[in-house]
Amino acid sequence: MKKLLAGAPWLVLALASCTSPGLVGMPEPDSGALTVGIRDAGSGCAAGDTICPSDGGSVCVDLSTDPNHCGLCNAFCPRGQSCVDGGCGSCPTGEVVVGSACAPPPTSDGGEPDAGPDAGPPDGGFDAGPQDSGVDAGPAPAGPGASCGSDADCRSGLCLGGICCATGCATSGVCGATACASGSGACDYPATQCVAPTCSGGVQTNAANCANGSCPAPSTTPCVPYVCGATACLTQCASSADCATGYYCNGTSCQPNPGAGQPCNSGSACPSGQCLGGYCCAAACETSGPCGATACAAGSGACDYPATQCVAPACSGGVQTNAANCANGSCPAPTTTPCSPYVCGPTACLTQCASASDCVAGDYCPCGSCVACPAGGCPSTLATNQDDPEGIAVDSANVYWTNFASNEVMKMPLGGGTPALVASSSSPMALAVDSTNVYWLDYMGGPVMKAPIAGGAATTLASGSNYTQEIAIDATNVYWTDYGNGTVMKVPIVGGSATTLASQQYFAYGIAVDSSYVYWTSFDNGVMRIPLAGGAATTLASGQSNASGLVIDSTNIYWIDLGPGGSGQQLNGTVMKMPLAGGAVTTLASGQGSFYQNNTVGLAVDGTSVYWANQGTNAHPGAVMKVPIGGGAVATLAPSTDPVAIAVDATSVYWTDASCNTVMKLTPK
């Protein structure tokens, strides 16, 4: 066996360090260094051995027993120590290192120990005396856990915190070791925080602490359903602002937003930001003003806009502001309607009139409708709401008329006032008046009646007629035509027997009297007359076509010739005149009939003009007309829907309108 410490060349320390980063190592021995336990790496290492660098090459070593690589590569045990279980230690008294273990010192003769000094190189033992000429390099480097002043004091080549480290330690950065443990030499790595917690964009970067000398890679945590706080994700909410998109704050917990039309308790819970009536709106709804939505539909989330009135109707200055209802959350701009020819009612234009005060200036109210006044002036409505008014007469104080449908004889002051009932009767039509009584004909059943002007019980003067038509009076008698029987009749005004003045008068119609004669018209016979006392009837004008109404003045007879009539024929409505004694017939007005205005009726006369009515319909109103008695231009006094009978006095013309149920007056006439 080679002498273990021959020349002790290992005391000459090479200062080269190991190549592992952060690990300060001991120098390699020279070629004469201890090689116990070293195996050639070229042939492979035994199980459990480690490859260590040595002299520019590598060797296989057992780190648990090799004193040149004790515990780690190139870690030398101090002189006089052996490597046992990877650690250096001194041999017991009386033993020396033999191979890789402690044993009694060897003898020169192979039997006894060599207790004397080594006399020379052949001895191979320790040179314990002066004869040992090796250089003493000082104390050997300290092992792990020993005190040290610098890296050179340690076998590992690393001194941290005054303690030799067992191995190389990471020392850079915030996680690097600044000390090694006393006794073991283990690296004393800090566990301090090396990554501070942060939070941004809904992602939390987690805090991290040093581990084994390094800082781990940062880890992150998404905050959903919450958002970031100052340095970390929130874990509860105070409002929906603390929740991620698509979530809302329910109590202190962020919950997924409900969809459109789903139940909600706040707008922040809904994607649209609006919760109305307990349901999420699909889109933002208009909520202001009277038209704003107060709810959204369950299921769809559609805005539930009211259709309530948002503009109240109003009327002022003849202009109606129309009512308007909400539409799709807004109120439309107000629209207006001019009222003309009516005036404003409380909140809207009137649409019919009761009097001229309901019409604009220049219009009057003949039949519930405002009509422009004729050039001669506006007629006035004396009475409304009558019931089919027919006959009419006037005296110096009152106007009188009959209501055919309601069986009434009525009167009212000429200047207007409240209509008053004179008498009740069955189907009254034509009437006449003197200073004491009103006289009239009952069309159905034919009685001739009278009643005091002041009112009172009606008296029957005569009966037995069939469809009485027109009436006339003088100071002694009442005269009338019996349309159905074709007769002309009379009866004393005080009562008595009725007398037939003329018979066989087909459709006897109009009638008038003067101081000598009774005059009448007959559809077949034309214009006739007979003495008041009776006698032979005289034809004054023949060849007429349906002669009807008749009046007289002190000079002439005036009548209406309706025209031929019959199926498909148009009535021509001619107003005629002739002298009382007979003579030439004059046409005063022709063409007064038409397809719609098919009757010319209600004849009256004064000292200057003849007046009549052209009947009409609601769709095609008639008119009150006049013509000078000497002939001339025909004038329209007033339009009227269905004028029937006419009366005149010194200032005015009066008429009844059967369709409008009114009694009308025009001044001047």
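Nothing fancy with the numbering, it's 1 onward along the sequence.
- For D62 (side chain) and D49 (main-chain N/O), no donor-acceptor pair under 3.5 Å exists by modelled atom type.
- Checked by atom type and distance alone, the side chain of E286 pairs as donor or acceptor with a backbone atom of S288 at under 3.5 Å.
- Within the 4.5 Å cutoff, the side chain of N250 has heavy atoms near those of the N265 side chain.
- Partner of C180 under the disulfide bond (SG atoms under 2.5 Å apart) criterion, chosen from C165, C164, C159: C165.
- In terms of heavy-atom proximity, A232 sits nearest to C199 at N-CB, 3.6 Å.
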Between V311 and T321, does the side-chain contact (heavy atoms from CB on, under 4.5 Å) criterion hold? Intermediate values first, please. CA-CA 8 Å; V311 176; T321 298; 4.2 Å; yes

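- Separation of atoms CG (N325) and SG (C291) is listed at 8.5 Å; rounding is to 0.5 Å.
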With disulfide bond (SG atoms under 2.5 Å apart) as the criterion, how do C281 and C270 come out once you've worked through the C-alpha distance, each side chain's angles and the decisive distance to 0.1 Å? CA-CA 7 Å; C281 301; C270 303; over 6 Å; no

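- The minimum heavy-atom distance between I163 and A181, with the atom names listed, is CG2-O, 3.3 Å.
- The heavy-atom pair separating V203 from C228 by the smallest distance is N-SG, 3.7 Å.
- Sparse packing is recorded around CG of N328, with 12 or fewer heavy atoms of other residues, nucleotides or ligands lying under 6.0 Å away.
- Listed here is the closest heavy atom pair of A293 and C303: CB-CB, 4.4 Å.
- Distance check: T641 OG1 to N661 CG gives 10.5 Å after rounding to the nearest 0.5 Å.
- Taking 4.5 Å as the limit, some side-chain heavy atom of C52 sits within range of a side-chain heavy atom of L63.
- Proximity of C367 to T662: side-chain heavy atoms (C-beta onward) are nowhere separated by under 4.5 Å.
- Here the side chains of T50 and H69 are not in contact, with every heavy-atom distance at 4.5 Å or above.
- In this model, C365 has its SG atom no nearer than 2.5 Å to the SG atom of C370.
- The backbone N or O of S640 sits nowhere less than 3.5 Å from a side-chain atom of D657 that would complete a donor-acceptor pair.
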Before you tell me yes or no, could you show the steps for S355 and T381 under side-chain contact (heavy atoms from CB on, under 4.5 Å), namely the whole-Å CA-CA distance, both residues' side-chain angles and the distance that decides it to 0.1 Å? CA-CA 7 Å; S355 68; T381 303; 5.8 Å; no

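- Between C249 and C243, a gap of 2.5 Å or greater is found separating the two SG atoms.
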Please lay out, stage by stage, how C275 and C264 fare under the test disulfide bond (SG atoms under 2.5 Å apart). CA-CA 6 Å; C275 175; C264 57; 2.0 Å; yes

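- With hydrogens and angles disregarded, a donor-acceptor distance shorter than 3.5 Å links the side chain of N206 to the backbone of S219.
- Here the straight-line distance linking atom OG of S253 with atom CD of Q236 works out to 9.5 Å at 0.5 Å rounding.
- Here the straight-line distance linking atom CG of L234 with atom OG1 of T252 works out to 12.0 Å at 0.5 Å rounding.
- The SG atoms of C315 and C344 lie less than 2.5 Å from each other.
- Put simply, the side chain of Q204 gets close to the backbone of C233: a donor and an acceptor are under 3.5 Å apart.
- Between C254 and C237, the sulfur-to-sulfur (SG-SG) separation does not fall under 2.5 Å.
- Across all their heavy atoms, P271 and P258 have their closest contact at CD-O, 3.1 Å.
- The closest side-chain heavy-atom distance from T198 to T231 is not below 4.5 Å.
- Between S240 and Y247, the closest side-chain pair of non-hydrogen atoms is not below 4.5 Å.
- Not a single donor-acceptor pair under 3.5 Å links the side chain of Y248 to the backbone N or O of N257.
- The shortest side-chain heavy-atom distance between P379 and P374 falls under the 4.5 Å cut-off.
- Taking CD from Q274 and OG from S266, the interatomic distance works out to 12.0 Å, rounded to the nearest 0.5 Å.
- The closest side-chain heavy-atom distance from C285 to Y305 is below 4.5 Å.
- Sulfur atoms SG of C215 and C194 are positioned under 2.5 Å apart.
- Between the OH atom of Y342 and the OG1 atom of T351 there is a distance of 7.0 Å, given to the nearest 0.5 Å.
- The two residues A207 and P197 have their closest heavy-atom pair at CB-CD, 3.8 Å.
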